[in-house]
Amino acid sequence: MACCALQITGLIFGGVGMVGTLAATIMPQWRVSAHIGSNIVVFETIWEGLWMNCVSQMGIRLQCKFYKSILALPPSLEAFRALMCIAVLLSIIAFLLAIVGVKYTRRTKENPQSISIFILVAGIAFLLTGILVLIPVSWTGGSIIRDFYNPKVPTPLKRELGAALYVGWASAALLIAAGAMYCSFWCWAGKSPKSRNENWHGNSSS
């Protein structure tokens, strides 16, 4: 019963992390214009994302424009695009594998070893997805903070952490947690029933 609850919890975490990864990839709020010093222009906010930049005027009018040339983009932005797209695809695959693993676990409760491969692959895929999301999100966040406190960077070019970064961090945490849960279940299912009973009795006697 506890293992089923662990799998369901991991499935929920993985599903939410998958949706969050997709949202972070699409959202334009990776970099947000900073209103500091004499650059306090409260009626206009600039958003910079992986695919477009947007200008919000007084929170009413929003104008977004996709980046025209791929070749003119910084190499780091192209790499972040690739990593996030791979993360989205990998999270979907991991989520589908997790669903298959949960269904087969319920059907073959008497022999969990026969279905552990689905759980293991899903867990590893979730872990990899979380790491892939962390790389561009943390790198972007670090560069924003570094430029913000760099006196050589002009004030109009300074940016703040956007909502997409927080979504990415939260999604990565959920994906890594889901992967850890499924890998833990695989370790448990890989043991023989005799070994599990011995460990249980040993813990009870202590």
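Note: the hydrophobic cluster containing V102 also contains L96 (ILVMFWY, side chain heavy atoms under 4.5 Å, direct or indirect links). Cluster membership check: F126 shares its hydrophobic cluster with L22, using side-chain heavy-atom separations under 4.5 Å among Ile, Leu, Val, Met, Phe, Trp and Tyr. Placement of F95 and V133 within a single hydrophobic cluster is found when ILVMFWY residues are connected by side-chain heavy-atom separations under 4.5 Å, directly or transitively. When hydrophobic clusters are built by joining Ile, Leu, Val, Met, Phe, Trp and Tyr residues whose side-chain heavy atoms come closer than 4.5 Å, directly or via intermediates, I131 is grouped together with L165. No chain of hydrophobic side-chain contacts below 4.5 Å, direct or via other Ile, Leu, Val, Met, Phe, Trp or Tyr residues, connects V55 to Y67.
In this structure, CG on L127 lies 11.0 Å from CG on L132, to the nearest 0.5 angstrom. Summarising the geometry, atom CH2 belonging to W30 is positioned 10.0 Å from atom CH2 belonging to W51; distances are rounded to the nearest 0.5 Å. To the nearest 0.5 Å, atom CD1 of residue I124 and atom CD1 of residue I119 are 12.0 Å apart.
For the disulfide (SG to SG under 2.5 Å) test, residues two or more places apart in sequence or in another chain that qualify with C54 are C64. Every side chain to side chain contact (heavy atoms under 4.5 Å, CB included) that P154 has, sequence neighbours left out, goes to P156, L157. Taking the side chain to side chain contact (heavy atoms under 4.5 Å, CB included) definition, one finds that A122 meets it with L97, A98, sequence neighbours left out. With sequence neighbours excluded, the residues forming a side chain to side chain contact (heavy atoms under 4.5 Å, CB included) with P74 are S76, L77, listed by chain and number. Here E48 pairs with R159 under the side-chain hydrogen bond (donor to acceptor under 3.5 Å, both in side chains) rule; sequence neighbours left out. Every residue was checked against the ring-ring contact (aromatic ring centres under 6.0 Å, His included) condition with W47, not counting sequence neighbours, and none meets it. I12 meets the side chain to side chain contact (heavy atoms under 4.5 Å, CB included) test with I8, V16; sequence neighbours excluded.
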Output a table of donor-acceptor pairs, distance under 3.5 Å, between side-chain atoms of residues 168-177 and any protein atom two or more places apart or on a different chain; print 'none' if there are none.
| unit_1 | atom_1 | unit_2 | atom_2 | d |
| --- | --- | --- | --- | --- |
| W169 | NE1 | S138 | OG | 3.2 |
| S171 | OG | V167 | O | 2.7 |

Using distance only, find each side-chain donor-acceptor pair of residues 139-147 under 3.5 Å and give its atom names and separation, not counting sequence neighbours.
| unit_1 | atom_1 | unit_2 | atom_2 | d |
| --- | --- | --- | --- | --- |
| T140 | OG1 | P136 | O | 2.7 |
| S143 | OG | R31 | NH2 | 3.0 |
| S143 | OG | W139 | O | 3.4 |
| S143 | OG | T140 | O | 2.8 |

Using atom types as modelled, flag every donor-acceptor pair under 3.5 Å from a side chain in residues 80-90 to any protein atom, sequence neighbours excluded.
| unit_1 | atom_1 | unit_2 | atom_2 | d |
| --- | --- | --- | --- | --- |
| R81 | NE | L50 | O | 2.7 |
| R81 | NH2 | L50 | O | 3.0 |

Notebook entry, point to check: Run the side chain to side chain contact (heavy atoms under 4.5 Å, CB included) check on Y182 and V121 step by step: do they pass?
Noted result: CA-CA 9 Å; Y182 281 116; V121 176; over 6 Å; no
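Across P28 and M52, no two heavy atoms sit closer than the pair CB-CG, 3.9 Å.
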